[in-house]
Amino acid sequence: MSSARDGVSWGTMISGYVHNGFFARALDLFDAMRIANVKLNPVAVLGALKAAGEIPDLDRGEDVHNYSVRNGLIFDIEVNTALVIMYAKCGATEKAKAVFANIHEKDVVAWSAIISSFAQNGSPKQALLFLKEMQVQGVKPNRITLVSALPACAELSDIRLGKSIHCFMFKSDMILDGSVSPALIAMYCKCESFGLARAVFDRLNSKDVVAWNALINGYTQIDEPLEALQLFRQLRMTGKIPDCATFVAVLPAFALLSDLKEGASVHGMTIKYGFHSDLRVKNATLDLYAKCGDVQTSHKLFAERKACADIVSWNTMIAGYMHNGQVKQAMVIFHQMMFEYIKPNLVSLVSIIPAAACLVSLRDGFALHCYVVKSGFVSDVRIGNSLIDMYSKCGRLDCAQTFFDQMTQKDTTSWNSMLSGYSINGLNHKAISLFSQMENDAIEVDALTYLGVLSACRHGGLVAKGRETFDSMIHKKGLRPNVKHYACMVDLLGRAGQLDEAWRLIQKMPIDPDASVWGSLLGACRMHGNSKLGEMVLEQLARLAPNEGTLCGAL
DNA sequence: CTAGGGTTAG
């Protein structure tokens with residue numbers, strides 16, 4: 001048997017594995033091929049690179065790269081294109097760029113590859129820069145290039161560029177090709193241009209199931225579950241067969257409606273179609289049960305095939321337990337995950353750090369902070385914000401402060417977390433001076449900022465400051481106070497004996513006062529011995545639905 | 001060799 005022929009059959013085997021999703025086996029076979037000293041060929045290399053990108057496994061991808069260099073395959077444009085994709089999928093952005101830069105005659109395929117890789121890799125800006133650069137260099141984009149660029153427009157909410165791509169497609173007759181429409185629909189949905197998404201959909205002559213999915217998903221994304229369900233019904237009436245993505249798009253609609261019964265029956269449909277073993281369908285199902293309050297069923301489905309669980313499954317369970325107030329269980333899942341060497345990602349941490357705060361468990365909080373530092377997420381603003389919140393709820397304002405001070409990037413939530421940290425720990429004047437600092441530094445403030453300041457005023461009995469703050473919230477910033485702001489003000493005024501003013505404030509409320517508002521006033525009536533007003537308030541309280549709010553504080 | 005829709009958090 002000639003070694004060349006041998007090499008070809010190895011290559012065919014490798015790409016066969018890749019095609020069927022057996023990426024690890026494909027890579028093992030590639031290693032075996034090297035050990036057996038079989039002559040390499042592009043087919044084997046392409047397969048191995050694809051496998052390394054899909055897993056993703058950067059180390060083995062680099063091995064394949066080095067091996068191709070040594071075997072003189074590195075001038076092959078196909079191999080280079082596959083290298084770019086592999087590096088991008090493994091998150092090695094700079095390497096992907098470097099390989100791409102070394103391609104001498106970049107063809108439209110190579111350009112499309114780097115654009116789609118970066119668009120999918122959380123680097124939408126970079127993807128669009130490549131699109132621009134490509135045009136500068138005089139390479140004409142084809143429909144695949146443009147379809148690849150659309151998700152980048154979507155992620156950046158750059159509807160202007162999205163529209164001009166749409167326009168260009170229209171002029172180049174690409175629009176007749178139905179395969180560009182789902183990308184357009186998704187892009188318009190994500191840019192909150194539902195009319196345009198709908199128009200693209202409605203004008204399609206033959207509506208591919210992918211186009212339906214894009215629109216259904218758009219509706220669930222904007223919290224319009226009923227519209228999503230109606231489309232789902234329409235799709236089924238056309239006789240088209242829904243696919244996995246249809247269910248991934250429609251299951252969250254039942255979660256939004258908290259409709260356990262209908263949701264479960266759609267879960268049944270996924271079983272009927274045989275889609276229930278698809279990981280994304282399964283994860284959407286876990287989320288469905290958890291959001292409908294039946295986290296036990298989520299856990300049952302999760303535990304049944306835990307070996308198949310991916311990071312999203314674990315995160316869904318953590319979030320599911322948190323959503324149902326089973327904070328300890330969320331922590332158990334997180335520890336199990338660590339125990340099984342599943343690496344928590346950003347979403348895992350954003351979900352679990354509040355659990356430490358909730359349990360007032362400084363031990364967990366410190367451990368999580370450590371992990372955050374070790375895993376390189378420490379510069380993420382959302383993680384930082386939850387750490388500040390955790391430390392202040394655990395009574396370690398010093399740690400919260402230190403963390404806040406060294407944050408290089410802060411957003412409004414960071415300031416709000418610090419501010420409410422001061423407030424809940426009784427450092428009312430610090431809270432108020434932080435608020436002044438926000439105003440001086442022109443940091444955007446929101447309703448939560450004001451709630452923090454008002455609570456500080458309440459705890460400190462700072463009536464004048466509270467009035468002034470409440471007033472500036474409405475008249476200076478044009479923000480609408482919610483029921484919590486009112487409850488805070490009523491409590492502040494009431495405790496200070498300004499019962500009439502508190503009463504007038506309630507009467508002027510543009511929204512219905514709830515039990516916490518009335519409860520604050522009632523407490524004040526008792527405190528100041530105003531039984532006449534107190535009786536009136538009791539009457540109001542009695543009118544509220546019995547399950548509304550808790551009155552323990554006031555009664 | 002490049003592609004469209006799709007799960008977790010905020």
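Only this structure's heavy atoms are used, side chains among them; waters, hydrogens and symmetry mates stay out. So that the names make sense, note that chain A is the first sequence line, chain B the second, and so on, each numbered from 1.
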| query | Which is true for A319(A) with a 4.0 Å heavy-atom rule: it touches a base, it touches only sugar-phosphate, or it touches nothing? | reply | sugar-phosphate

**Request:** Scan side-chain atoms only and decide if S386(A) and D389(A) contain a donor-acceptor pair under the 3.5 Å cut-off.
**Result:** no

(Q) By the 4.0 Å heavy-atom rule, please label T81(A) as base, sugar-phosphate, or nothing. (A) base

Sugar-phosphate, base or nothing in reach of S351(A), heavy atoms under 4.0 Å:
sugar-phosphate

### Message
Taking any heavy-atom pair under 4.0 Å as a contact, classify V347(A): base, sugar-phosphate, or nothing.
### Response
base

Side chain to side chain donor-acceptor pair (under 3.5 Å) evaluation trace for N345(A) with N315(A): CA-CA 9 Å; N345(A) 66 10; N315(A) 292 347; 3.1 Å; yes

Whole-Å distance, N121(A) CG to dA3(B) P, equals 13 Å

task = Answer yes if the ring centres of W10(A) and F30(A) are under 6.0 angstrom apart, and no otherwise.
result = no

Could you check whether K106(A) gets within reach of a base, just the sugar-phosphate, or nothing at all, counting any heavy atom under 4.0 Å?
nothing

Rounded to whole Å, CD1 of I175(A) lies from P of dA3(B) at a distance of 20 Å

Using a heavy-atom cut-off of under 4.0 Å over every strand shown, decide if D278(A) touches base, sugar-phosphate, or nothing. base

- Are Q221(A) and dG10(B) close enough that a side-chain N or O sits under 4.0 Å from OP1 or OP2? no

R382(A) CZ to dG10(B) C1', in whole Å, measures 7 Å

| task | For the residue pair F247(A) and F232(A), categorise the inter-ring angle as parallel (less than 30°), tilted (30 to 60°) or perpendicular (more than 60°). | result | perpendicular

